[in-house]
Amino acid sequence: MKDDRTNVQSSPLRVAVVGTSAVGKSALTVRYLTKRFIGEYRSDTDMLYKCVLQVDGAPQSVEIMDTSATCEKTSDPYLQWAEAFVVVYSITDKDSYKQAVSTVQELSERRASASVLIIGNKSDLGHLREVEEVEARTLALTHSARFSELSTAESCASVSEVIDNFLKEVKAQRNGNQNGGSPKLRKISVTRMLGSLIGRSSPPPTPMTHLIILDKEERNKLQTPLTRLCQPCFRPAHSLPCSPHTAV
Ligand SMILES: Nc1nc2c(ncn2[C@@H]2O[C@H](COP(=O)(O)OP(=O)(O)OP(=O)(O)O)[C@@H](O)[C@H]2O)c(=O)[nH]1
């Protein structure tokens, strides 16, 4: 389906970036969208980036949800919202890998048709390695997922290549086109600069790829009718709010 005014495919590719705290989800997302590596980010809220990318030769709306790991609750909202998942762990953190394994297994069971990319981040810290590459590669093979080990901090090119190719596959899968297309993607438009995702102590990057932050109204639109979400962590609140947050 196309929007005649913009010639942009109107139904966005929705990608959720998930993983435990401090594995580099925000760094990875912002690195991909802006080419910049920024050391510290706010970690108490989810960020939704809306942009238009050139995917496989055509402009394509893409929404990337950088999830916050502040509140360890069910991933249900993301399971329902996204059609593709980037599961991030740190090669220096075995627990983060265990959580990635659990997430990938859950995706296999509940979203079998979703595209999954597993990223082992922080490969520049090989001397602190706790997760062997072969482990994660085997996990990916077992679940028909993509896998890459990389350093968001050191290699912008790797981040771009891996996610570009992933988006191309997501789009191809949606279109039922198994042949894929050009791996070279180019960002062609953006909507708004986002400086607020960066911690107060960090200077804003300028210029940067323009992004949109997920505001409360937009966040609520992602909510299924029967699901109450904890605000701001955007995970379901059951009998109690997700401490220390307040249910909406
Ligand atoms: N050495 C190294 N550090 C990294 C890399 N990527 C991210 N970091 C650092 O890891 C820390 C956590 O990065 P974030 O992007 O905030 O991690 P996150 O997964 O979004 O964390 P939450 O918001 O808590 O869920 C920061 O200090 C980053 O600078 C990397 O490739 N190498």
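Looking only at distances, no side-chain donor or acceptor of Arg36 sits under 3.5 Å from a matching main-chain atom of Val30. Counting only distance, with no hydrogens or angles, the side chain of Asp46 and the backbone of Ser68 share a donor-acceptor pair below 3.5 Å. In this structure, Thr142 contributes its side chain and Thr138 its backbone to a donor-acceptor pair below 3.5 Å. In this structure, Glu135 contributes its side chain and Glu132 its backbone to a donor-acceptor pair below 3.5 Å. Checked by atom type and distance alone, the side chain of Ser160 never pairs as donor or acceptor with a backbone atom of Ala157 at under 3.5 Å. At distances below 3.5 Å, at least one donor-acceptor pair connects side-chain atoms of Gln54 with backbone N or O atoms of Gly57. The closest donor-acceptor contact from the side chain of Gln173 to the backbone of Ser113 lies under 3.5 Å. In terms of modelled atom types and a separation under 3.5 Å, the side chain of Arg110 and the main chain of Gln80 share no donor-acceptor contact. Listed for the Ser123 side chain is no donor-acceptor partner under 3.5 Å among the backbone atoms of Glu149. Glu161 places no side-chain N or O within donor-acceptor distance of the main-chain N or O of Cys156, the cut-off being under 3.5 Å.
In the hydrophobic clustering of this structure, Ile119 does not group with Phe37; members are Ile, Leu, Val, Met, Phe, Trp, Tyr whose side-chain heavy atoms approach within less than 4.5 Å, directly or through other members. In the hydrophobic cluster analysis, where Ile, Leu, Val, Met, Phe, Trp and Tyr join through side-chain heavy atoms closer than 4.5 angstrom, Leu28 is grouped apart from Leu125.
Lys122 NZ to Ser96 OG: the interatomic distance, rounded to the nearest 0.5 Å, is 8.0 Å. Between atom CG of residue Asp56 and atom CD of residue Glu169 there is a gap of 11.0 Å, rounded to the nearest 0.5 Å. If you take CG on Leu33 and CE on Met47, they are separated by 12.5 Å, rounding to the nearest 0.5 Å.
The two atoms that bring Lys25 and Thr67 nearest to each other are CE-O, 3.0 Å, heavy atoms only. In terms of heavy atoms, Val55 sits closest to Leu167 at CG1-O, 3.8 Å. Nearest heavy-atom pair, Lys35 versus Tyr32, reported as atom, atom and distance to 0.1 Å: NZ-O, 3.9 Å. Taking each heavy atom of Leu79 and Phe85 in turn, the nearest pair found is CA-CZ, 3.9 Å. Considering every non-hydrogen atom in both Val131 and Ser90, the closest pair reads CG2-O, 4.1 Å. When all heavy atoms are compared, the tightest approach of Glu63 to Pro12 is OE2-CG, 3.5 Å.
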Criterion salt bridge (Lys or Arg N to Asp or Glu O under 4.0 Å) on Lys98 and Glu130, from CA distance to verdict: CA-CA 11 Å; Lys98 289 178 182 171; Glu130 293 184 357; over 6 Å; no

With side-chain contact (heavy atoms from CB on, under 4.5 Å) as the criterion, how do Phe147 and Glu133 come out once you've worked through the C-alpha distance, each side chain's angles and the decisive distance to 0.1 Å? CA-CA 10 Å; Phe147 168 73; Glu133 184 171 358; 3.7 Å; yes

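Ring planes of Tyr89 and Tyr97: perpendicular class, angle over 60° (limits at 30 and 60°).
Counting heavy atoms from C-beta on, the side chains of Val86 and Val15 come closer than 4.5 Å. Counting heavy atoms from C-beta outward, Val52 and Gln60 have side chains that stay 4.5 Å or more apart.
Counting only N and O atoms by type, the side chains of Asn121 and Thr152 include a donor and acceptor under 3.5 Å apart.
Within 6.0 Å of the CZ atom in Arg146, the count of heavy atoms belonging to other residues, nucleotides or ligands does not exceed 12.
Remark: Glu83 does not engage Arg14 in a salt bridge, criterion side-chain N to carboxylate O under 4.0 Å.
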